[in-house]
Amino acid sequence: MKIHNTLSGKTEDFEALDGKVNMYVCGITPYSASHIGHAMMSVIFDVVRRYLEFKGYDVRHIQNFTDIDDKMILAANSTGIDVADLAESNITDYLAEMDALNVARAHEYPRATAEIGKITEIIAKLIEKGYAYPVAGDVYFRVNQDEDYGKLSNRDLDGLIAGARVEVDERKENAMDFALWKSQKPGEPAWDSPWGMGRPGWHIECSAMAIKYLGSSIDIHGGGRDLIFPHHENEIAQSESFTDEVPFSRFWMHNGMLRLGEDKMSKSIGNIVTVGEALSSYSPDALRLFFLSSHYRAPLLYTEANVAGQERALERLKNAVRLASAASVGSTIDASPAKAQFVEAMDDDFNTPRALAAMFDLAREINRGKDEGADVLGAQDTLRELSGVLGISLDETAETSGAGPFVQMLVNVRTELRAARQFDIADSIRDRLSELGVTIEDTPEGTEWRIG
RNA sequence: GGCGACGUAGCCAAGCGGUCUAAGGCGGGGGUCUGCAAAACCCCUAUUCGGCGGUUCGAAUCCGCCCGUCGCCUCCA
């Protein structure tokens, strides 16, 4: 299979010799509720993982929480909540929302604040090797010492300095040197270190966690496009300088941004739709379908109409796997061509739009087969299987309200009314049940109903 | 200013040198089935791929210019 590698800018063959794939995905900074851009990122890498597992790889998936940084402190101070409590609360919500979206749990969710030992160990070694220098309680990474700095984002130091938007800190040797350790300011949480009380800089926590949980050379490192620079660039610089192993990650995967209106969805701009809000309006599977309706590297525009359309599309797939009447003719619907197309599309850098097209084609064939009386059971199983690879379930959720027997009674009464050609009353029952969320369909085999 | 993307039907979105008079979904129109619906099926809904040139036997796909949009350049998934 092929995966696009940000590092080379090319789509390259991917294989893992020992059948094992180490995948590190940059998680969230839990300073406020997560938005659907985060959800999209999580769903995308969830599908990457599920597909790799479908291909037979043994995937180890690590996703971190950066639970200490400027924004965490700012948010905690402005609400009067302890930084740790704020993180805990947002992490709990995030995980619950990801569960709702059927995102498989990562094998570990390390947190920056729990890895201070590994972080200081790396910083100390970087200083020892000449890649970093302490200044009055802070420690900076010496970018000039790193020969290939800028290789991921394809930038050179001169261009970066010229375009710098922030004031240069005079204590740094080079304007592009970045903080590995920040000394404590009044009122800030801090940990002990050889350079005094302080906290880790933004990028070092990911290097520490990736190396600790996956080793010094990993297979796939993922995250949003906006992390390419500076975050991932700096992670590479730190990690490779520390371990002397190149590459730190063989593949770098970056997903396109989810846009709301004209801009990238961003907590600081304030154009946010939270995951909770999205889940209250749309089904998890429709949201997944929406995220996967465009290629993961392309930007996607979030609009009500777009997601609502996916709700209908999802129905289409679900209808195709509903019980079919027994096969009456000898033919059988063969799902293998559709499955082959699905695999071919996914093998090509996770081309989910094309994979979905194969699934919709299969759904049509199944429906056609149902009409003709062909055996569609095997094809339906295949459609369920392919949906499962995308983390989408097509089977109805069990009715849990306890209203089942009563609905069934109304449906039975309506059937008697129809037999007596009392259509006005029968239609009235159907309309009222529909208002209550019960869908009724009259088929040659009898009346079917479902809630939702 | 630098780096990187993108512009395909009413909307979303594949395709990236011939099989493209361009996949799939949503929406819309017509039909079949049905007591009527719903679901499903069938047909139609881009002779054309932002614009203008060029390369080529052949371009939505490659090159150049122009127009427009977006991301990043130490808040960011």
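Every chain is numbered from 1 and lettered A, B, ... according to where its sequence line falls, protein lines coming before strand lines.
- Interface remark: the Arg418(A) side chain does form a donor-acceptor pair with the G35(B) base, using a distance-only criterion of under 3.5 Å.
- Counting only distance, with no hydrogens or angles, the side chain of Asp146(A) and the backbone of Ala237(A) share no donor-acceptor pair below 3.5 Å.
- At a threshold of 4.0 angstrom between heavy atoms, the contacts of Asp361(A) are confined to the sugar-phosphate backbone, with no base atom among them.
- Residue-to-nucleotide contacts include a donor-acceptor pair under 3.5 Å from the side chain of Arg430(A) to the base of C36(B).
- Checked against the 6.0 Å centroid criterion, the rings of His203(A) and Phe178(A) qualify as a close aromatic pair.
- A donor-acceptor pair is defined here as one N or O able to donate and one able to accept, closer than 3.5 Å; such a pair exists between the side chain of Asp375(A) and the backbone of Leu377(A).
- For the pair Tyr282(A) OH and C26(B) C1', the computed distance is 13 Å after rounding to whole Å.
- Ile272(A) places its CD1 atom 12 Å from the C1' atom of C75(B), with the value rounded to the nearest Å.
- Nucleic acid contact for Arg155(A): base, since at least one base atom lies under 4.0 Å from a heavy atom of the residue.
- Base pairing of U32(B): its partner is A40(B), meeting the Watson-Crick or G-U wobble criterion (both donor-acceptor distances under 3.5 Å).
- Taking the six-membered ring wherever Trp is involved, the centroid distance between the rings of Phe65(A) and Tyr94(A) falls below 6.0 Å.
- OP1 and OP2 of A23(B) both lie 4.0 Å or more from every side-chain N or O belonging to Asn351(A).
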With side chain to side chain contact (heavy atoms under 4.5 Å, CB included) as the test, would you mind laying out the steps for Asn255(A) and Phe45(A) before giving the verdict?
-> CA-CA 9 Å; Asn255(A) 65 276; Phe45(A) 286 102; 3.6 Å; yes

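- Atom-to-atom, CZ of Arg297(A) to P of C16(B) comes out at 12 Å; the value is rounded to the nearest Å.
- One can place NZ of Lys151(A) at 21 Å from P of C73(B), the figure rounded to the nearest angstrom.
- At the heavy-atom level, Leu289(A) lies nowhere under 4.0 Å from the strands shown.
- Residue Arg316(A) places at least one side-chain N or O closer than 4.0 Å to OP1 or OP2 of G25(B).
- Looking only at distances, a side-chain donor or acceptor of Thr443(A) sits under 3.5 Å from a matching main-chain atom of Gly446(A).
- Base pairing annotation: A5(B) forms a Watson-Crick or G-U wobble pair with U69(B), both donor-acceptor distances under 3.5 Å.
- Remark: ring of Phe423(A) stacked against base of G35(B); centroid gap under 5.5 Å, plane tilt under 30°.
- Distance CG (Asn154(A)) to P (G4(B)): 5 Å, rounded to an integer number of Å.
- In this structure, the nucleotide among C75(B), U74(B), C11(B) sitting nearest to the side chain of Met176(A) is U74(B).
- Side chain of Phe360(A), nearest nucleotide from U74(B), C12(B), G25(B): G25(B).
- OP1 or OP2 of G25(B) has at least one side-chain nitrogen or oxygen of Arg364(A) nearer than 4.0 Å.
- Contacts of Gly27(A) with the nucleic acid, taken as non-hydrogen atoms under 4.0 Å apart, involve only primed sugar atoms and P, OP1 or OP2.
- For Asn367(A), the side-chain atoms get nearest to C41(B) when compared with the rest of G24(B), C12(B), C41(B).
- Look at CD on Glu441(A): it is 9 Å from C1' on A40(B), rounded to the nearest Å.
- Atom CG of Leu152(A) and atom C1' of C72(B) are 12 Å apart (whole Å).
- Side chain Asp427(A) to base G35(B): a donor-acceptor pair is found below 3.5 Å.
- Residue order along RNA chain B, read from the 5' end via each residue's closest nucleotide, puts Ala305(A) first among Ala305(A) and Asp371(A).
- Where His203(A) and Gly224(A) each meet RNA chain B at their nearest nucleotide, the meeting point lying more 5' is that of His203(A).
- Listed for the Asn64(A) side chain is a donor-acceptor partner under 3.5 Å among the backbone atoms of Gly27(A).
- When heavy atoms are screened at a 4.0 angstrom cut-off, His295(A) is found touching the sugar-phosphate backbone but no base atom.
- One can find a donor-acceptor pair under 3.5 Å joining the base of C36(B) and the side-chain atoms of Asp442(A).
- Ranking U74(B), A14(B), C26(B) by closeness to the Pro353(A) side chain, first place goes to A14(B).
- Atom CD of Glu416(A) and atom P of G35(B) are 18 Å apart (whole Å).
- A close approach under 4.0 Å does occur between a side-chain nitrogen or oxygen of Trp202(A) and OP1 or OP2 of C76(B).
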